[in-house]
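This report concerns only the one structure given below.
Index from 1, following the sequence.
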Amino acid sequence: MLYGIVAATTALLLAAVLAALLRAPALRLGLLDRRQRQRRVPLSGGAAVVVATCLVVVAGDRTGFAPLGEGMGALLAAGAAVAALGLAADAWRLKTRFLLAGTTVAAAFVVPYGDTGVPAGVAAAGWIACVALAFRALDHADGVAGTVGVVTAFGVAACAAAEVMDGLAVLLSVLAAALTGFLMHNWPPARVALGGCGAMFTGFLLAAAAVTTRAGQDAVTGAGVLFALTAVAVADAALVVLARRTAGRPLLRRGPDHLAHRLRRLGLTPAGVAVGVGAAAFAGVLMGTLVHTGLLGAGAVLWVAGGMTVVVLVLWRVRARVPGQGCGGPDARVGREARVSREAGGGRDVSPRPRPRSRRQAVALLRPPREPVESPLRAARRMESPQVSGSLRVRSR
């Protein structure tokens with residue numbers, strides 16, 4: 001117990017210090033995330049979380065104060081490999097398919113096939129990879145990914161403690177403490193961000209730990225518990241897929257259409273978004289933990305599924321800003337007119353009619369310019385002036 005408190009405190013302080021120290025190198029190397037057009041956020045928080053977690057956990061295992069146990073070393077090594085893959089994605093913008101393939105391979109080495117079976121183990125490896133990428137997508141706003149990670153880590157640690165997996169519980173507690181230290185710099189307005197390195201590391205460890213905790217138990221109940229523990233990440237991914245499919249946009253192209261973006265459109269502040277998303281994650285994690293420990297029946301997970309479905313459908317109706325197109329501006333109006341004209345024309349692409357020119361402009365273009373009119377008196381004087389001057393010259397001679 002005493003070592004757990006010391007380890008958590010050390011991880012918190014170490015992550016907070018490393019996040020501050022690594023900020024300047026991230027700025028020089030260009031490891032940045034543009035949360036807004038005028039604000040650049042360095043992606044140094046992920047490396048701080050990974051280093052703090054690994055150092056504290058390995059130190060506890062080597063000194064014998066908190067042995068990891070069988071399989072936990074492989075889990076930590078696979079998580080570090082996924083973190084390195086995420087760091088490469090931050091530096092060189094790797095495609096999502098490569099990240100999914102690499103994370104799936106890493107997950108295949110940590111799934112307990114002896115307890116799950118080969119078919120369920122393969123499905124679990126794919127699910128772990130998807131959750132890791134979903135956590136990477138959660139790092140789209142200040143404080144969101146860190147808050148959800150802390151809440152989920154404590155919930156999965158409670159499930160591991162109920163199964164007497166002390167090494168796994170210590171690992172997740174240290175991870176939660178490191179994420180808390182990171183949140184000191186990531187709370188709105190954020191000075192650092194997790195990036196792919198920290199977000200994929202967090203999602204991978206949480207998903208793999210949840211699978212290890214539920215291994216060997218009822219598969220249907222286990223699937224419900226796994227969903228409840230990661231309900232917010234799943235809801236964010238489902239919302240993005242639904243919105244981009246219905247709008248005809250590519251699934252893998254980044255855009256401001258995630259949970260936090262739509263909540264901001266509803267008027268919430270950045271801190272309010274982080275608190276609200278964290279509260280939703282806490283509700284799902286609490287329900288999953290109660291079902292895992294047997295305090296609630298498996299049907300309680302349906303409440304989480306129903307609530308998340310309602311949230312996704314409501315936020316789907318909130319208009320998001322599409323890159324390159326203003327929300328409700330002239331570009332959006334022209335796009336809507338073109339779409340309505342195309343539907344009215346039976347699928348033919350009918351461009352919107354141009355605006356008619358004003359009546360004053362049309363008259364000005366059709367009427368020829370008027371020539372200056374000379375008065376009759378001035379014309380008579382002009383005709384008489386040569387004659388008068390000629391007679392005067394004759395008389396003078």
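- In this structure, CG in Asp115 is found 9.0 Å from OG1 in Thr212, a value given to the nearest 0.5 Å.
- Side-chain contact between Leu85 and Phe98: absent, with no pair of heavy atoms (C-beta onward) separated by less than 4.5 Å.
- Contact check for Leu242 versus Val312: side-chain heavy atoms found under the 4.5 Å cut-off.
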Candidate pair Thr221 and Arg214, rule side chain to side chain contact (heavy atoms under 4.5 Å, CB included), full reasoning: CA-CA 9 Å; Thr221 305; Arg214 289 297 307 180; 3.8 Å; yes
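- Listed for the Asp90 side chain is no donor-acceptor partner under 3.5 Å among the backbone atoms of Gly195.
- Within the 4.5 Å cutoff, the side chain of Val277 has heavy atoms near those of the Val232 side chain.
- Atoms OG1 and CG, on Thr180 and Leu12 in that order, are 5.5 Å from each other to the nearest 0.5 Å.
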Step-by-step side chain to side chain contact (heavy atoms under 4.5 Å, CB included) determination, Leu266 to Leu315: CA-CA 9 Å; Leu266 292 177; Leu315 292 182; 3.9 Å; yes
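- Residues Val291 and Ala300 come closest through the heavy atom pair CG2-CB, 4.1 Å.
- Atom NE2 of His185 is separated from atom CG of Asp142 by 14.0 Å, given to the nearest 0.5 angstrom.
- Other residues, nucleotides and ligands place more than 12 heavy atoms under 6.0 Å from the OH atom of Tyr113.
- Counting only distance, with no hydrogens or angles, the side chain of Asp61 and the backbone of Leu68 share a donor-acceptor pair below 3.5 Å.
- In this structure, Thr230 contributes its side chain and Ala233 its backbone to no donor-acceptor pair below 3.5 Å.
- Minimum interatomic distance between Gly149 and Leu179 (heavy atoms only, all atoms of both residues): C-CD1, 3.6 Å.
- Relative orientation of the His258 and His140 rings is parallel, given thresholds of 30° and 60° on the angle between their planes.
- In this structure, Phe182 and Gly146 approach most closely via the heavy-atom pair CE2-CA, 4.3 Å.
- Leu171 CG to Met165 CE: the interatomic distance, rounded to the nearest 0.5 Å, is 12.5 Å.
- Looking only at side-chain heavy atoms (C-beta outward), Cys54 and Leu76 come within less than 4.5 Å of each other.
- In this structure, Leu21 is not a member of the same hydrophobic cluster as Leu14, with clusters built from ILVMFWY side-chain heavy atoms closer than 4.5 Å.
- What you find for Val273 and Ala260 is that their closest heavy atoms are CG1-CB, 3.6 Å.
- Residue Leu31 holds its CG atom at 6.5 Å from CG of Leu87, rounded to the nearest 0.5 Å.
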Intermediate values then yes/no, side chain to side chain contact (heavy atoms under 4.5 Å, CB included), Leu205 and Leu75: CA-CA 7 Å; Leu205 284 188; Leu75 175 60; 4.0 Å; yes
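- Leu286 is connected to Leu295 through a chain of hydrophobic side-chain contacts under 4.5 Å among Ile, Leu, Val, Met, Phe, Trp and Tyr, so both are in one cluster.
- Hydrophobic clustering of Ile, Leu, Val, Met, Phe, Trp and Tyr side chains at less than 4.5 Å, counting indirect connections, keeps Leu22 apart from Met184.
- Val110 places a side-chain heavy atom less than 4.5 Å from the side chain of Phe204.
- A heavy-atom distance below 4.5 Å is found between the side chains of His292 and Gln217.
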Criterion side chain to side chain contact (heavy atoms under 4.5 Å, CB included) on Cys197 and Leu43, from CA distance to verdict: CA-CA 8 Å; Cys197 176; Leu43 302 176; over 6 Å; no
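- Within a 6.0 Å sphere centred on CZ of Arg244, other residues, nucleotides and ligands contribute more than 12 heavy atoms.
- Under a hydrophobic clustering in which Ile, Leu, Val, Met, Phe, Trp and Tyr are joined whenever their side-chain heavy atoms come within less than 4.5 Å, directly or via other members, Leu259 and Trp316 fall into the same cluster.
- Remark: side-chain polar atoms of Asn186 are paired, donor with acceptor, to backbone N or O of Val192 under 3.5 angstrom.
- Atom CG of Leu100 and atom OG1 of Thr96 lie 8.5 Å apart (nearest 0.5 Å).
- The two residues Leu229 and Val285 make their nearest non-hydrogen contact at O-CG2, 3.6 Å.
- Checking side-chain atoms of Arg136 against main-chain N and O of Met200 turns up no donor-acceptor pair under 3.5 Å.
- Look at Arg40 and Asp33 and you find no salt bridge, because none of the NZ, NE, NH1 or NH2 atoms lies under 4.0 Å from a carboxylate O.
- A donor-acceptor pair is defined here as one N or O able to donate and one able to accept, closer than 3.5 Å; such a pair exists between the side chain of Thr293 and the backbone of Leu290.
- A heavy-atom distance below 4.5 Å is found between the side chains of Leu175 and Phe201.
- Contact check for Leu99 versus Leu133: side-chain heavy atoms found under the 4.5 Å cut-off.
- The backbone N or O of Ala243 sits less than 3.5 Å from a side-chain atom of Thr246, completing a donor-acceptor pair.
- Pairing each heavy atom of Leu172 with each of Ala157, the nearest pair is CD1-N, 3.5 Å.
- Follow the hydrophobic side-chain contacts under 4.5 Å out from Val49 and you reach Val150 in the same cluster.
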